Structures are given as C-alpha cells and as structure tokens.
Amino acid sequence: MKNLFRILIAVAIVLVILIYFDNPVQENEIITGPNNSGQLIPQKTPDVVEVNNIFSKPKKGISTLIGKPSHELTSLFGKPNRIEPSAYGYDWWVYNDSFSSYKLFGVTGDIVTQAFLIGSDVDATPYKIGQSLEEIYRFTIVQSEITMSIDENTYTFSLNEQDINNRILVQFDDLFAMLYIDEKDQQLEAVRFTDAKTLLLHKPYDILYEGTIIETNAPSSSLQAEIDKANERQIVEITNVFRFRHGLKVLESDNTLQKIAISHSEEMAKNNIVTNETFEVSKFSDMLKESSIVFDRAGGNTAAFYFDAGEAVNGWLNSKDHRETLLGKWYTHTGVGVYGNYYTQNFIDRPMIKEIQE
C-alpha cells in the first residue's frame, strides 16, 4: 500500500511538471484605470467651498519649473532626447540618458506644465524617489478631497481607497503632486508635478465641480497613431527603470512580440472588451505559437482607460499578478502595443543559443 501511495505521489508530481512546462505562459486579466469609472458630477448649489491650502510651493527642485518657459528647462538639462505628442495638447520632452535620471516633461506651447519624475537621482523636492511611505506621512497630510479653482469654476477631486494607497494627491498652492506609491515595498516610485489645468485634463480622480469642465480635443487618427507609439516607447522605458531599481535585468524590445501586443490592444479596443464581457480576445499563448517565437517562459499584462504610460505601469506594479510579470526575473525581452487607451505588454524569456563546438 505504501508503495502504491508513493507511486501516486510521483505520478502527480510528474503531471504537475508536464502541465507547467506544456503551458509556461502567464496571461493576466485586464485591469482598468480610474478613467473607466471616474465620475464627473456637476454641483448646482454653491456647497463646494475651496479650503485654504496647507502646503507651500517648493522653492527648489524640478517642481519649480512648472509654469516656466521651456528655455529654463533646456538651460538645466539640455535638449530632450525625444519630443513626443500626448492626447492632452502638450508634448512630452523625454530625458532618458540613464535609468537613474529618467524624467518626462509636459510642455504646452512654450510653457512647462508637468514633470513626471521616475529616476532615483532626480530632484523631486520635497520628496525623494525611493522614499518610504512612513517618512512621507511624517510631513504630508493625505486628504481624500482636494478643491481648487480655475477662473470662476470650482473643482473637487475625490480620492477613493485605492487612490489613497498608491496615487496620493497633494496640493502646493497652484502646484499639484501625484505621488505614485509601490504598495508592496511601501515606497515612492514616481512623482508627477502638474499645474491645475493639466491635472483637470487628465481627470485622474472622481470630480465634483461647479461651472464648466475643461475638455481636450480628440486627436486625429494620424496623431493618435503617433501618441500610441510614444506610449509604447515610454512603457518599455518606465518598465526598465523599475526593473533596474529592483536589481533585475533590463528588457530588450522584440519586434515580433510588439506586433502581437499591438494586434491584441487593437482587438480589445475595437470590441470594447471592458463592457463587452461575452467577447473572447485571442489568447497570448495561441498568438505566440502562430508567430513561432522561441521562448522558455512568457507573460502578458493588459490594461485599459489609464490616461498615459506612467499610469498604466503603476497600475500593473500595484496588482499582484501583473507585478509578478512586470518584475519577472527570468524575462529577457518585451513588446508593447498601445491602441488608444488600451495597453498590452508582453514578456518572454528567450533561451540563449549555444554554439555547437566541433
């Protein structure tokens, strides 16, 4: 009887191993950003009262560039490595000389309207990338509602529990800071400094307003294609910044993997899979087989309704399964596809080709 029991255990172990190696592809469920459920609620009675701000605007650091002419930006950091369009009327100035100094600036016309700071060596005063959440709480009062005014219009941003945990909003006079928190490591992963109008255009939280809401014009199809490509490049770079910070190998881009990702995002968008739950999108594992890509392991993350690349990556970082894929230590290559506000990032572990010695 004991021998039979041991045999059954051995067979079970073999089956588990066979199942694992027969399907070494981790396909995670799609996650949706706050723009999917965010509400815009007009306030018809004058109940919304702007609260006096608690924090003074920083007097040093990169945040002091917000509202300044772009030549002050170039005088400090030189010309950007790339200039890319966004869906909100500003251009992204990309500074990607190194993972530790990686930063993006939003420039509207000739004015710096936001800064997205990710590299660990950038000056994010009064914060520090990598700073513990406990230390941030020592001098930052986290509020669930923040009210601001533009002209005669009043807007109140309402943060839900998830926002409080990983997307804290802080107001410094006419400057706002979005603090992106790594919930698992309990530390600051990125900071977005922005002016009031740009924050309102993004609509990152539920908004209660009195007056009119500011909207942005929908981009043309050709411009949207350029924006999608910009988001793809930024997702790869931001992913590698996070992986580098966690002591992991940085990923190389793979064209075939990217084509699969683009096709998948387009399929999700055109079939509106967030609301159309009956539609089944193509499986990543099937698409890998059709492409004849050689790999040992593979994984895929998808997202929808995040307003830009940084938001999407932060969403993946703070979702358990998506995080494990994003920070998978075995992966060597990635391919990203963006179609409007649908995002796909694929990962593979490509085996090294061993030379045959004669």
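Just so it is clear, the structure is predicted and the values come from calculations on it, not from any experiment.
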Indicate, with yes or no, if [Y] and [X] share a hydrophobic cluster defined by side-chain heavy-atom contacts under 4.5 Å among Ile, Leu, Val, Met, Phe, Trp and Tyr.
{"X": "Leu117", "Y": "Tyr127", "answer": "yes"}
{"X": "Tyr102", "Y": "Met178", "answer": "yes"}
{"X": "Leu175", "Y": "Ile129", "answer": "yes"}
{"X": "Trp92", "Y": "Ile111", "answer": "no"}
{"X": "Ile118", "Y": "Phe99", "answer": "yes"}

Distance alone, cut at 3.5 Å: any donor-acceptor contact between the side chains of [X] and [Y]?
{"X": "Gln131", "Y": "Gln187", "result": "no"}
{"X": "Ser132", "Y": "Gln186", "result": "no"}
{"X": "Ser158", "Y": "Asp206", "result": "no"}
{"X": "Asp321", "Y": "Asn28", "result": "no"}
{"X": "Glu252", "Y": "Thr332", "result": "no"}
{"X": "Arg192", "Y": "Tyr180", "result": "yes"}
{"X": "Thr344", "Y": "Ser265", "result": "yes"}

For the atom pair [atom1] ([X]) and [atom2] ([Y]), what is the distance rounded to the nearest 0.5 Å?
{"X": "Ser100", "Y": "Arg245", "atom1": "OG", "atom2": "CZ", "answer": "9.5 Å"}
{"X": "Asn240", "Y": "Ile235", "atom1": "CG", "atom2": "CD1", "answer": "12.0 Å"}
{"X": "Thr212", "Y": "Ile214", "atom1": "OG1", "atom2": "CD1", "answer": "7.0 Å"}
{"X": "Glu145", "Y": "Leu159", "atom1": "CD", "atom2": "CG", "answer": "9.0 Å"}

Within the distance-only criterion (no hydrogens, no angle test), does the side chain of [X] pair as donor or acceptor with the backbone N or O of [Y] below 3.5 angstrom?
{"X": "His246", "Y": "Phe242", "result": "yes"}
{"X": "Lys197", "Y": "Thr113", "result": "no"}
{"X": "Asn341", "Y": "Ala304", "result": "no"}
{"X": "Asp151", "Y": "Asn153", "result": "no"}
{"X": "Asp296", "Y": "Asp349", "result": "no"}
{"X": "Ser220", "Y": "Leu223", "result": "yes"}
{"X": "Thr74", "Y": "His71", "result": "yes"}
{"X": "Trp316", "Y": "Gln345", "result": "no"}
{"X": "Asn165", "Y": "Glu161", "result": "yes"}
{"X": "Tyr343", "Y": "Tyr306", "result": "yes"}

Would you say the side chain of [Y] lies within less than 4.5 Å of the side chain of [X], judging by non-hydrogen atoms?
{"X": "Val241", "Y": "Asn96", "answer": "no"}
{"X": "Ile348", "Y": "Ile293", "answer": "yes"}
{"X": "Lys259", "Y": "Met287", "answer": "no"}
{"X": "Met148", "Y": "Leu200", "answer": "yes"}
{"X": "Leu251", "Y": "Val236", "answer": "no"}
{"X": "Val94", "Y": "Ile83", "answer": "no"}
{"X": "Leu208", "Y": "Thr154", "answer": "no"}
{"X": "Ile227", "Y": "Ser86", "answer": "no"}

Walk me through it: do Asn346 and His333 pass the test side chain to side chain contact (heavy atoms under 4.5 Å, CB included)? CA-CA 8 Å; Asn346 295 328; His333 293 75; over 6 Å; no
Using 30° and 60° as the class boundaries, would you call the ring planes of Phe157 and Tyr205 parallel, tilted or perpendicular? perpendicular
Exercise: identify the closest heavy-atom pair between [X] and [Y]:
{"X": "Leu65", "Y": "Val112", "result": "O-CB, 3.4 Å"}
{"X": "Ala124", "Y": "Val191", "result": "CB-CG2, 4.3 Å"}
{"X": "Ile181", "Y": "Asn318", "result": "O-ND2, 3.0 Å"}
{"X": "Pro24", "Y": "Phe295", "result": "CG-CE1, 4.2 Å"}
{"X": "Gln234", "Y": "Ala309", "result": "CB-CB, 3.8 Å"}
{"X": "Ala269", "Y": "Tyr339", "result": "CB-CD2, 3.5 Å"}

Starting from the C-alpha separation in whole Å, work towards a yes-or-no answer on salt bridge (charged side-chain N to carboxylate O under 4.0 Å, His left out) for Lys184 and Glu189. CA-CA 11 Å; Lys184 181 176 181 180; Glu189 286 290 347; over 6 Å; no
Measuring centre to centre across the rings, with the benzene-like ring taken for any Trp, is [X] within less than 6.0 Å of [Y]?
{"X": "Trp93", "Y": "Tyr95", "result": "no"}
{"X": "Tyr88", "Y": "His202", "result": "yes"}
{"X": "Phe193", "Y": "Phe116", "result": "no"}

What I want to find out is whether [X] reaches [Y] closely enough, with some N-O distance under 4.0 Å, to be called a salt bridge.
{"X": "Glu183", "Y": "Arg167", "value": "no"}
{"X": "Lys229", "Y": "Glu84", "value": "no"}
{"X": "Glu324", "Y": "Lys320", "value": "yes"}
{"X": "Glu27", "Y": "Lys283", "value": "no"}
{"X": "Arg350", "Y": "Asp254", "value": "yes"}
{"X": "Asp185", "Y": "Arg323", "value": "yes"}

Steps toward side chain to side chain contact (heavy atoms under 4.5 Å, CB included) verdict (Glu267, Asn271): CA-CA 6 Å; Glu267 184 182 15; Asn271 291 282; 3.8 Å; yes
Step by step, work out the salt bridge (charged side-chain N to carboxylate O under 4.0 Å, His left out) result for Glu237 and Arg233. CA-CA 6 Å; Glu237 291 172 345; Arg233 286 187 288 267; over 6 Å; no
Begin with the C-alpha distance, continue with both residues' side-chain angles, and end with the deciding distance and a verdict on side chain to side chain contact (heavy atoms under 4.5 Å, CB included) for Leu169 and Asp163. CA-CA 8 Å; Leu169 182 64; Asp163 296 327; over 6 Å; no
Should Asp121 and Ser101 be marked as a side-chain hydrogen bond (donor to acceptor under 3.5 Å, both in side chains) after you check the CA-CA gap, both sets of side-chain angles, and the distance that decides it? CA-CA 5 Å; Asp121 292 340; Ser101 65; over 6 Å; no
Side chain to side chain contact (heavy atoms under 4.5 Å, CB included), that's the test. Do Tyr90 and Phe105 meet it? Break it down for me. CA-CA 9 Å; Tyr90 55 80; Phe105 292 92; over 6 Å; no
